[in-house]
Amino acid sequence: MDNTLNPKFSEVTIETITTKKEWIANDITSNFWLVAKSGYPNNVDSNTPRDKLKKISFEKEICPGGFLTDSLFNNLLLDLKQCLINIFENGSTQKPYRLRSISNNIIYLIISVNEHRSEYGLPPILAFNQITEDDIFDFLKSFAIEPELINSVLSELISREGKPKKQDWLNIKNKYSIRSKTFSILKSRITSSKNSKLYKSSKTERKRFEDANLNRDICSFHAPNKKTIQNYISDINHIFHNSNHLMFPLQFSPYELFSSEESLANIFKEFQRNIKTSIVPLEVAFHLISNALKFQYDYGESILKYLRSVDEHYKINTAHLKKSTLLTDCNRREKLFHEVEIPEPLTSLNIKTLGLEKEPKIPATLSLTQVIYLYAASMYILLASFSATREYSLLLLKRDCFNHSPLDGLFDISFKQQKANTTNMLQTIHRPIPKPIYRLGLQYAEFSQYLENRFKVFNEDHESYLFTSFHGIKKIITRHFDRLSYEDTPNHFYEDTMQSILDFFSDWTDVPLINGKRWYVNDHQFRRLFAVLYFNLTDETGIEELAWFLGHEDLEMAFHYAEVDPSSEWIDEAIISISKRATSINRNLNADKEIAKIIEVSKEKSLKLNLQLEGVIYEAINERIKTTGEKVHFKRVDDKDIYFYFSME
């Protein structure tokens with residue numbers, strides 16, 4: 001392939017790159033772009049709050065001592081920017097924040113190409129048209145990692161005491177001469193495995209026990225993920241597919257060369273097994289749900305009253321002080337906190353302090369900030385269990401998400417969910433919830449609103465998130481009630497924050513141990529638990545209803561979610577556990593009549609298994625899937641009966 005630079009359309013490109021785009025908030029010629037985050041309108045400008053923007057950085061090192069923003073690589077940078085503009089404006093993606101991951105993946109390719117060329121004494125590339133088919137092949141091969149290399153890296157980590165620092169990782173990379181992408185993948189697999197024996201992180205250290213809910217087994221570290229490979233090929237193909245106005249466009253389509261099953265089989269010996277989301281152990285799930293209900297009923301209303309009292313006492317006793325004094329006087333805050341009497345319903349929580357920025361794991365006593373985190377976790381668990389939606393949708397919940405229909409008297413929750421047939425498009429949908437959850441939700445929404453109001457933020461319910469960022473520990477212990485300008489539009493909890501408080505709730509409520517380990521549940525496991533239970537405890541219309549509830553447009557995906565190993569006694573255990581827990585809840589809570597009815601139904605079904613498919617047929621389906629590797633497909637005929645068939649597609 002000709003690697004010389006033959007510029008085309010240079011005048012058009014430079015003109016396009018300097019033209020202001022409404023979806024880029026800052027100067028388009030800058031070394032970074034600020035674009036709209038998910039859930040925010042695409043038209044942004046310099047007045048858009050910073051927390052509503054996502055940064056796309058181009059100042060990345062692409063070869064030793066060389067950055068993409070250096071003048072030497074100006075043609076490469078201009079073409080990358082133009083490609084990203086084309087991707088969005090050609091409709092390849094409808095959300096500008098997606099451009100960050102595409103940009104990063106393309107930059108990883110450039111780094112890989114330069115590393116490969118360096119091994120042969122060649123200079124780094126200056127344009128996309130210098131990338132060859134062999135370069136793409138070499139880049140994709142970096143996703144498969146030799147087991148010997150993995151064992152060496154793991155031995156290095158195990159031999160080190162404590163959490164490895166940035167320099168430790170760099171030393172390992174250099175010692176074994178690991179390519180950048182390979183090292184990034186290997187590091188990600190190790191750090192996300194949640195295996196504390198391999199890697200200690202601040203997350204693993206905060207947990208009281210080793211995590212039984214492991215993300216990845218060591219034996220699978222070497223194998224690439226097929227879906228990840230296909231996503232990278234798709235992102236790289238954007239350089240070719242959106243090459244209009246590029247000065248030095250890519251000369252071939254990576255998608256046509258490497259996306260087929262046959263081509264991938266020629267590159268990789270094996271892929272990671274497509275493992276479903278683990279089904280949370282029943283005792284763990286019902287322990288969390290029942291404790292979440294109990295926490296809400298026992299403490300929810302009193303927590304808000306207590307926080308109001310603490311705030312009012314502080315305002316009265318610090319009105320004469322300067323703001324600068326309030327910011328630094330932690331002792332005064334703590335002293336005034338102790339002067340407020342704790343409501344009797346909260347005495348069992350053993351609240352002893354206002355809060356610390358670095359809270360201990362699970363102390364004998366609690367701080368007020370930790371109690372608020374437990375309150376948030378309990379509401380999240382209930383909503384995840386009853387709505388069966390994804391974490392992203394839960395974090396985007398607005399305060400007005402709880403609805404009561406005056407027509408039929410029923411209750412539901414509204415949330416945004418990605419459409420199955422589009423990319424990154426969100427639609428608002430409604431799903432039914434029990435009346436008790438509706439009431440608890442309204443109570444929690446009032447608490448969430450107060451967290452913002454105390455900082456003089458008075459947004460409408462449809463504008464503010466239920467899980468507002470004003471839950472943050474610094475805002476709880478800061479008593480001057482002022483906010484920075486970027487806090488005018490509150491954000492929502494981030495995924496890591498929510499997972500941390502779920503872990504904290506699991507430890508505080510003493511989730512039953514499994515062989516000395518604790519199952520720290522994640523949100524998607526509540527979704528799958530709902531699917532499995534609904535599928536197996538409903539009548540013949542269950543799978544269709546389940547597909548609607550999960551937001552799936554076909555029955556196959558719903559079956560994929562709901563399928564369990566038919567040889568297990570999981571369903572039997574589920575019904576017994578439901579009855580056992582239901583009896584306990586009924587005894588400890590002042591439950592509505594609706595809950596009592598549910599309890600009676602679960603007791604009746606504890607002796608009967610009403611499977612969606614006859615047991616023999618269900619077992620035969622799974623046996624065939626295991627033996628042949630086929631997929632099962634469901635089809636509705638004449639809008640009546642549902643049939644299934646098998647194929648390799």
Side-chain angles (χ1 to χ4, degrees), residues 1-10 12-13 17 56-87 90 92 99-144 178-185 224 228-260 263-264 266-268:
M1 180 177 290
D2 183 7
N3 282 350
T4 58
L5 304 182
N6 297 307
K8 297 178 180 179
F9 314 113
S10 57
V12 177
T13 302
I17 291 297
I56 303 175
S57 177
F58 303 108
E59 199 166 0
K60 303 286 185 72
E61 189 173 20
I62 59 174
C63 63
F67 285 78
L68 180 61
T69 49
D70 293 345
S71 58
L72 177 64
F73 304 110
N74 188 55
N75 291 329
L76 195 58
L77 174 60
L78 286 176
D79 272 356
L80 174 59
K81 285 186 173 183
Q82 183 63 58
C83 183
L84 296 178
I85 291 172
N86 293 343
I87 290 170
N90 291 342
S92 297
L99 296 176
R100 184 167 81 167
S101 63
I102 295 173
S103 175
N104 289 340
N105 291 344
I106 293 174
I107 290 174
Y108 259 123
L109 169 65
I110 296 171
I111 294 170
S112 174
V113 173
N114 288 337
E115 287 176 337
H116 186 56
R117 290 169 67 92
S118 177
E119 293 173 2
Y120 293 92
L122 298 174
I125 62 170
L126 303 178
F128 286 135
N129 71 339
Q130 292 180 282
I131 297 175
T132 67
E133 296 173 9
D134 286 341
D135 287 329
I136 306 289
F137 179 87
D138 182 70
F139 175 65
L140 296 179
K141 285 289 290 182
S142 66
F143 286 77
I178 309 175
R179 289 276 192 92
S180 294
K181 188 57 191 174
T182 302
F183 184 74
S184 172
I185 295 167
T228 299
I229 298 290
Q230 291 170 333
N231 288 341
Y232 268 88
I233 293 172
S234 176
D235 284 350
I236 296 170
N237 195 64
H238 282 306
I239 311 173
F240 174 81
H241 184 66
N242 295 277
S243 61
N244 46 311
H245 303 322
L246 266 63
M247 291 186 290
F248 306 99
L250 190 65
Q251 302 299 303
F252 60 93
S253 169
Y255 190 81
E256 292 180 5
L257 290 173
F258 300 108
S259 66
S260 69
S263 63
L264 292 179
N266 290 331
I267 299 175
F268 304 104

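Hydrogens, waters and symmetry mates play no part in the numbers below; they use all other heavy atoms, side chains included. Each residue takes its place number in the sequence, starting with 1.
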Undergrad: Using 0.5 Å steps for rounding, measure from the CD1 atom of Ile107 to the CD atom of Glu59.
TA: 11.0 Å
Undergrad: So, Ser259 versus Gln230: side-chain donor-acceptor pair below 3.5 Å or not?
TA: no
Undergrad: Quick one: closest heavy-atom pair of Pro254 and Phe240, and the distance?
TA: CD-CB, 4.3 Å
Undergrad: Atom OG in Ser112, atom CD1 in Ile62: separation rounded to 0.5 Å?
TA: 12.5 Å
Undergrad: State the CG-CZ distance between Leu76 and Phe128, to the nearest 0.5 angstrom.
TA: 5.0 Å
Undergrad: Do other residues, nucleotides or ligands put more than 12 heavy atoms under 6.0 Å from His116 NE2?
TA: yes
Undergrad: Should the pair Phe143 and Tyr232 be assigned to parallel (<30°), tilted (30 to 60°) or perpendicular (>60°) ring geometry?
TA: perpendicular
Undergrad: Mind checking the CD1-CD1 spacing from Ile125 to Ile110? Nearest 0.5 Å is all I need.
TA: 5.5 Å
Undergrad: Please assess Ile233 against Leu264 for the test side chain to side chain contact (heavy atoms under 4.5 Å, CB included), listing each intermediate value before the final yes or no.
TA: CA-CA 11 Å; Ile233 293 172; Leu264 292 179; 4.1 Å; yes
Undergrad: Give a yes or no answer on whether the side chain of Asp70 reaches the backbone of Gly66 with a donor-acceptor pair at less than 3.5 Å.
TA: no
Undergrad: Within the side chain of Glu133, is there an N or O that forms a donor-acceptor pair under 3.5 Å with the backbone of Phe137?
TA: no
Undergrad: Side chains of Ile229 and Phe258: does their closest heavy-atom pair fall under 4.5 Å?
TA: no
Undergrad: Specify the closest pair of heavy atoms between Asn242 and Asn86, including all atoms of both residues, with the distance to one decimal.
TA: O-ND2, 3.0 Å
Undergrad: Is the count of non-hydrogen atoms from other residues, nucleotides or ligands lying under 6.0 Å from Tyr255 atom OH greater than 12?
TA: no
Undergrad: Applying side-chain contact (heavy atoms from CB on, under 4.5 Å) between Leu80 and each of Ile239, Ile106, Ile102, report the one that passes.
TA: Ile106
Undergrad: Does Lys181 use its side chain to pair, donor to acceptor, with the backbone of Phe139 at less than 3.5 Å?
TA: no
Undergrad: Where is the tightest heavy-atom contact between Ile56 and Leu99, given as atom of each residue plus distance?
TA: CD1-CB, 3.8 Å
Undergrad: Within the side chain of Asn129, is there an N or O that forms a donor-acceptor pair under 3.5 Å with the backbone of Gln251?
TA: no
Undergrad: Does the Asp79 side chain pair with the main chain of Phe248, one donor and one acceptor, at a distance under 3.5 Å?
TA: yes
Undergrad: Looking at NE2 of His241 and CG of Leu250, how far apart are the two atoms once the value is rounded to the nearest 0.5 Å?
TA: 13.5 Å
Undergrad: Ile136 and Ile236: which non-hydrogen atoms are nearest, and at how many Å?
TA: CD1-CG2, 3.9 Å
Undergrad: Please determine, by modelled atom types, if Thr132 and Asp135 share a side-chain donor-acceptor pair under 3.5 angstrom.
TA: yes
Undergrad: Provide the closest heavy-atom pair for Ile267 versus Lys141 in the form atom of the first, atom of the second, distance.
TA: O-NZ, 3.2 Å
Undergrad: Answer yes or no: is there an ion pair linking Arg179 with Asp138, defined by an N-O contact shorter than 4.0 Å?
TA: yes
Undergrad: Please report the C-alpha distance between Leu246 and Leu78 in whole Å, then the side-chain angles of each, then the deciding distance to 0.1 Å, and finally whether the side chain to side chain contact (heavy atoms under 4.5 Å, CB included) criterion is met.
TA: CA-CA 8 Å; Leu246 266 63; Leu78 286 176; over 6 Å; no
Undergrad: Tell me, please, which residues at least two apart from Asp235 pass salt bridge (charged side-chain N to carboxylate O under 4.0 Å, His left out).
TA: Arg98
Undergrad: Looking at NE2 of His238 and CG of Asn90, how far apart are the two atoms once the value is rounded to the nearest 0.5 Å?
TA: 10.5 Å
Undergrad: Residues two or more places apart in sequence or in another chain: which of them pass side chain to side chain donor-acceptor pair (under 3.5 Å) with Lys60?
TA: Asn104
Undergrad: Does a side chain donor of either Ser253 or Asn237 reach within less than 3.5 Å of an acceptor in the other side chain?
TA: yes
Undergrad: Thr182 side chain to Ser142 main-chain N or O, any donor-acceptor pair under 3.5 Å?
TA: yes
Undergrad: When you measure from the side chain of Arg117 to the backbone N and O of Leu122, does any donor-acceptor pair fall under 3.5 Å?
TA: no
Undergrad: Side chains of Ser180 and Tyr108: donor-acceptor distance under 3.5 Å anywhere?
TA: no
